[in-house]
Amino acid sequence: MFIATNRMFVNPEMSEEFERYFRGNMRTHLPGVPGLLRSTLLKPTQDDQPYVSVNEFESEEAFRAWVASDAFREAHKGHRTIARLVTGNEPERFTHAEDMVLPRQRTEQARLTAWEAGPSSG
């Protein structure tokens, strides 16, 4: 897995406009990108924090192919629109080191099994 992030500092007064634009851009241009597993936009909880875009790819090669693609150019065509909302931009790239997923099904199944067993007699 290869993860590319982008930290985007947005004036809090422009956050709603930024989110609308970014969300629409993601939904329009990212479905069908080969090797893209997930794309997430994280919203800051404080005014001095950036938005963080997280894109998870199957591999670095899939990421590089996307950056070189027409789909990437099309997704970033409106760069001027979004650039006026972003006061700072810091791209970062990561490789996968550890991931732990705790399926809710296991917790739910354990609860159901205990309920089905009923109260213990003793």
Side-chain angles (χ1 to χ4, degrees):
M1 182 180 298
F2 184 80
I3 301 166
T5 68
N6 197 356
R7 296 174 187 270
M8 297 164 285
F9 292 87
V10 176
N11 180 329
E13 296 168 3
M14 306 289 247
S15 63
E16 286 184 35
E17 183 180 354
F18 169 79
E19 288 177 33
R20 264 193 315 275
Y21 178 82
F22 204 93
R23 186 180 304 114
N25 198 35
M26 287 174 70
R27 292 176 181 176
T28 299
H29 299 290
L30 295 182
V33 170
L36 180 61
L37 303 172
R38 182 178 186 160
S39 184
T40 305
L41 179 62
L42 302 175
K43 182 177 182 171
T45 58
Q46 297 176 2
D47 288 348
D48 63 340
Q49 295 176 327
Y51 282 84
V52 179
S53 169
V54 181
N55 293 293
E56 299 176 21
F57 288 85
E58 290 175 349
S59 65
E60 185 173 356
E61 292 75 27
F63 167 76
R64 291 185 184 280
W66 176 63
V67 170
S69 73
D70 290 338
F72 180 87
R73 284 188 287 286
E74 189 65 29
H76 292 80
K77 188 184 277 186
H79 180 68
R80 288 187 200 135
T81 303
I82 204 167
R84 71 181 180 80
L85 304 174
V86 176
T87 60
N89 185 349
E90 186 179 324
E92 302 168 322
R93 294 173 176 89
F94 301 91
T95 57
H96 195 261
E98 176 65 27
D99 192 16
M100 187 168 87
V101 178
L102 302 172
R104 181 182 175 118
Q105 299 90 326
R106 289 184 189 167
T107 305
E108 186 67 17
Q109 186 58 46
R111 186 185 67 77
L112 287 173
T113 301
W115 179 81
E116 290 169 351
S120 59
S121 56

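This is a predicted model, so every value here is computed, not measured.
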What's the shortest heavy-atom distance between [X] and [Y], and which atoms?
X	Y	result
E56	L36	O-CD1, 3.4 Å
A62	P34	CB-O, 4.1 Å
P44	P50	CB-O, 3.6 Å
F18	L41	CE2-CD2, 4.2 Å
E60	F2	N-CB, 3.4 Å

R23: what forms a salt bridge (charged side-chain N to carboxylate O under 4.0 Å, His left out) with it, not counting sequence neighbours?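 Here the qualifying residues are E19.
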Could I get the full list of side-chain hydrogen bond (donor to acceptor under 3.5 Å, both in side chains) partners for [X], not counting sequence neighbours?
X	value
T45	Q49
D70	R73
E58	none
S59	E61

Using 0.5 Å steps for rounding, measure from the CG atom of D47 to the CD atom of E13.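 Reported to 0.5 Å precision, the distance equals 9.0 Å.
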Could you state the interatomic distance from OH (Y51) to NZ (K43), rounded to the nearest 0.5 Å?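 That separation rounds to 5.0 Å.
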ring-ring contact (aromatic ring centres under 6.0 Å, His included) partners for F57, two or more places apart: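 F57 satisfies ring-ring contact (aromatic ring centres under 6.0 Å, His included) with F63, W66 once adjacent residues are dropped.
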Is there a side-chain contact between N55 and L30 (heavy atoms, below 4.5 Å)?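 In contact.
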